[in-house]
Participant: 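Mind looking over this structure? Questions follow.
Keep in mind the model is a prediction, meaning the values are calculated, not measured. Reminder, nothing fancy here: chain letters follow the sequence lines and each chain counts from 1.
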2 protein chains.
Amino acid sequence: MTDLCEPTRSRKPSAPRRATLPQILNAAEWTFGTRGLKGTRVEEIAGLCGIPKANILYYFHSKEALYQATLARLLDIWLADADEWLSPERDPMEGMEGYIRAKMAFSRTRPEGSRLFAQELLSGGQMIQGFLKETLRAHVERHAEIFLAWQAKGLMRVIDPTHFMCLLWSGTQAYADMQVQFEALLDRESLLDTDYEAGIETFLTLIRPLFVQLG
Amino acid sequence: MTDLCEPTRSRKPSAPRRATLPQILNAAEWTFGTRGLKGTRVEEIAGLCGIPKANILYYFHSKEALYQATLARLLDIWLADADEWLSPERDPMEGMEGYIRAKMAFSRTRPEGSRLFAQELLSGGQMIQGFLKETLRAHVERHAEIFLAWQAKGLMRVIDPTHFMCLLWSGTQAYADMQVQFEALLDRESLLDTDYEAGIETFLTLIRPLFVQLG
DNA sequence: CATAAACCTGAACATCTGGTCAAAATTATC
DNA sequence: GATAATTTTGACCAGATGTTCAGGTTTATG
């Protein structure tokens, strides 16, 4: 997660490095996300950065290393939202809405990241086995416990917390991964803010009954 | 959709053709679904069929042509389930359950097909523009009208039919596309029948309140 | 069974692309 | 400002892989 990059770091990160590295990673996120690992040409990433291919291979020993670094940077950012909104103290329905909105915002503002992750899952997720089986698993289990606690207190109807969590995840993710499908179905050049809003509203309509006063 | 294949068909389909073609398409569905268009080597498909690479290029002029044919065959099968279960006559909740079960069964028994479609969407869906904007769009609109009719009759709570439809789609699709993620989260070597059943149950729990007697 | 169409396949080809390298240019540090 | 580390870059290489092709084999049809 830290430095998959070159120098032995006998100095602090130099100016050109600070400028070039993020640029490469951004371009890589876009390209890997829309073309996949195999479909991506290092030269295309280079082109997006306006630098020669060899320069990228200087910072990252291989295309695959760049892929992993791109993925790693993404996963780091990934989990914060959920922890902020889904906490035991917060009001359940308020937390759910916050989480869904945050996740949906991610799909809207950074769709390539979503797609990169999806690409990786589709092709078997070899590169993120560790993340899936440790970090993400712990993450989901933590939230599952929150749901179970809510259910025990009568604040939430009984529902399998893990599958429910996955349903939230996939439903929001879909607005990035299946963006073209939504555009076709809604007859849009590109999705509007109101479309994402309608998606959120649909979700909330479905979820609200889980949290109505039960007794 | 019909014949993207070779001969001028001055005879009826020959025996070797009837034997080889489906074999190729099956192998192609698996390979394209897990490796993507670029990631797939024609030779791997050939290997799965136990025939030489050149034989595949005899039936399909190019890798891309085979990709399109594979996709086309998939899309043909795709829409039948929905039409069977979501019809105006049928009891709403019964239809919903039937549809979800059918869609989930597809994700379980033919995950590579699901993944192939997802791959195509992720990379922009260039190959299936027509399908998305015409066939699928009409399909979804038809079902949206059924939902609206139910809502007008007071048989279903008000919810955006298109977004709701997409949510059903993506949630069931996820059990194929994000299979590795589910396996990691549920700590399974591979998903069990009970896992898919739990997924269905979670879905139904969420959907049922839409169809309770309203008045 | 003749014969034309369809099918099969090994070998060769052309291209694309990830990666290397050495030499030049730039930057950080004393 | 000297100098050592870092960065940049074009040219080149090697392997992978889609595609062609010619010649041989099998199959359908009369």
Side-chain angles (χ1 to χ4, degrees), chain A residues 3-25 27-28 31-32 34-71 119 123 126-127, chain B residues 2-25 27-28 30-32 34-71 119 123 126-127:
Chain A
D3 66 314
L4 300 121
C5 310
E6 287 250 359
T8 348
R9 198 58 51 76
S10 56
R11 306 175 181 181
K12 58 184 173 183
S14 70
R17 169 173 293 264
R18 280 195 311 273
T20 311
L21 262 183
Q23 207 181 2
I24 294 178
L25 285 170
T31 314
F32 284 129
T34 64
R35 310 228 188 283
L37 171 54
K38 288 289 176 112
T40 290
R41 283 170 303 127
V42 176
E43 185 141 22
E44 180 170 10
I45 300 177
L48 289 174
C49 300
I51 61 179
K53 177 177 67 165
N55 199 355
I56 289 183
L57 274 304
Y58 164 73
Y59 281 106
F60 299 91
H61 311 8
S62 68
K63 177 166 94 160
E64 209 170 277
L66 171 55
Y67 181 76
Q68 295 205 27
T70 310
L71 216 36
Q119 289 270 11
S123 55
Q126 301 296 308
M127 305 283 194
Chain B
T2 41
D3 66 314
L4 300 122
C5 309
E6 289 250 357
T8 349
R9 201 55 53 75
S10 56
R11 306 178 184 181
K12 55 185 174 184
S14 70
R17 170 174 292 263
R18 281 196 309 274
T20 311
L21 262 184
Q23 208 182 1
I24 294 177
L25 286 169
W30 190 92
T31 314
F32 284 129
T34 64
R35 310 227 188 283
L37 171 54
K38 290 290 176 111
T40 289
R41 283 169 303 126
V42 175
E43 184 141 22
E44 180 170 10
I45 299 177
L48 288 174
C49 299
I51 61 179
K53 180 174 61 164
N55 199 356
I56 289 183
L57 274 304
Y58 165 72
Y59 280 106
F60 299 91
H61 311 9
S62 67
K63 176 165 96 160
E64 209 171 275
L66 172 56
Y67 180 77
Q68 295 205 28
T70 310
L71 217 36
Q119 290 268 10
S123 54
Q126 300 297 309
M127 305 284 193

Participant: Nearest whole Å is fine: how far is C/dT17 P from A/Leu66 CG?
Facilitator: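 Taking atom P of C/dT17 as the reference, CG of A/Leu66 is at 16 Å.
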Participant: Distance from A/Tyr58 atom OH to A/Arg17 atom CZ, nearest 0.5 Å?
Facilitator: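 One finds 5.5 Å between OH of A/Tyr58 and CZ of A/Arg17.
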Participant: Applying side-chain hydrogen bond (donor to acceptor under 3.5 Å, both in side chains), can you list everything that pairs with A/Glu64, at least two apart in sequence or on another chain?
Facilitator: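 Testing A/Glu64 for side-chain hydrogen bond (donor to acceptor under 3.5 Å, both in side chains), a comparison that skips the adjacent residues, returns none.
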Participant: Rounded to whole angstroms, how far apart are CG on A/Asn55 and P on D/dT8?
Facilitator: 4 Å
Participant: B/Tyr59 side chain N/O closer than 4.0 Å to the phosphate oxygens (OP1, OP2) of C/dC8?
Facilitator: yes
Participant: Taking atom CD as the centre, does A/Glu43 end up with more than 12 heavy-atom neighbours from other residues, nucleotides or ligands that are less than 6.0 angstrom away?
Facilitator: no
Participant: Could you check whether any side-chain heavy atom of B/Val42 comes within less than 4.5 Å of a side-chain heavy atom of B/Leu66, counting everything from C-beta outward?
Facilitator: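 They are not in side-chain contact.
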Participant: Does any non-hydrogen side-chain atom of B/Ile56 lie less than 4.5 Å from one of B/Lys63?
Facilitator: no
Participant: Is any side-chain heavy atom of B/Thr70 less than 4.5 Å from a side-chain heavy atom of B/Trp30?
Facilitator: no
Participant: At what distance, to the nearest 0.5 angstrom, does CD of A/Glu44 lie from OG1 of A/Thr34?
Facilitator: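 The distance works out to 6.5 Å.
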Participant: Send over the distance from A/Ile51 CD1 to C/dT26 C1', rounded to a whole Å.
Facilitator: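 Those two atoms, CD1 and C1', are 15 Å apart.
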Participant: How bent is the helix from C/dC1-D/dG30 to C/dC30-D/dG1, measuring the angle between the end axes built from five pairs each, rounded to 10°?
Facilitator: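 If I round to tens, the end axes sit 30° apart.
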Participant: Does A/Thr31 reach the main-chain N or O of A/Ile45 with its side chain, forming a donor-acceptor pair under 3.5 Å?
Facilitator: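 Checked: no pair found.
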Participant: For the pair made of CZ in B/Arg18 and C1' in D/dA28, what is the distance, rounded to whole Å?
Facilitator: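 For the pair B/Arg18 CZ and D/dA28 C1', the rounded distance is 11 Å.
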Participant: In whole angstrom, what separates B/Arg17's CZ from D/dT25's C1'?
Facilitator: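 That distance rounds to 17 Å.
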Participant: On the nucleotide C/dA5, are OP1 or OP2 found under 4.0 Å from the side-chain N or O atoms that B/Ser14 carries?
Facilitator: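 Result: no.
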Participant: Do B/Phe60 and B/Ile24 have side-chain heavy atoms sitting under 4.5 Å apart?
Facilitator: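 When only atoms from C-beta onward are counted, B/Ile24 and B/Phe60 do touch, with a gap below 4.5 Å.
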Participant: Let's see if you can work this out: which of C/dA6, C/dG10, D/dT8 has an atom nearest to the side-chain heavy atoms of B/Tyr58?
Facilitator: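 Among the listed nucleotides, the one closest to the side chain of B/Tyr58 is C/dA6.
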Participant: Taking protein heavy atoms under 4.0 Å as touching, what does nucleotides 18-24 of chain D look like 5' to 3' if B marks base contact, S marks sugar-phosphate-only contact and - marks none?
Facilitator: BBB----
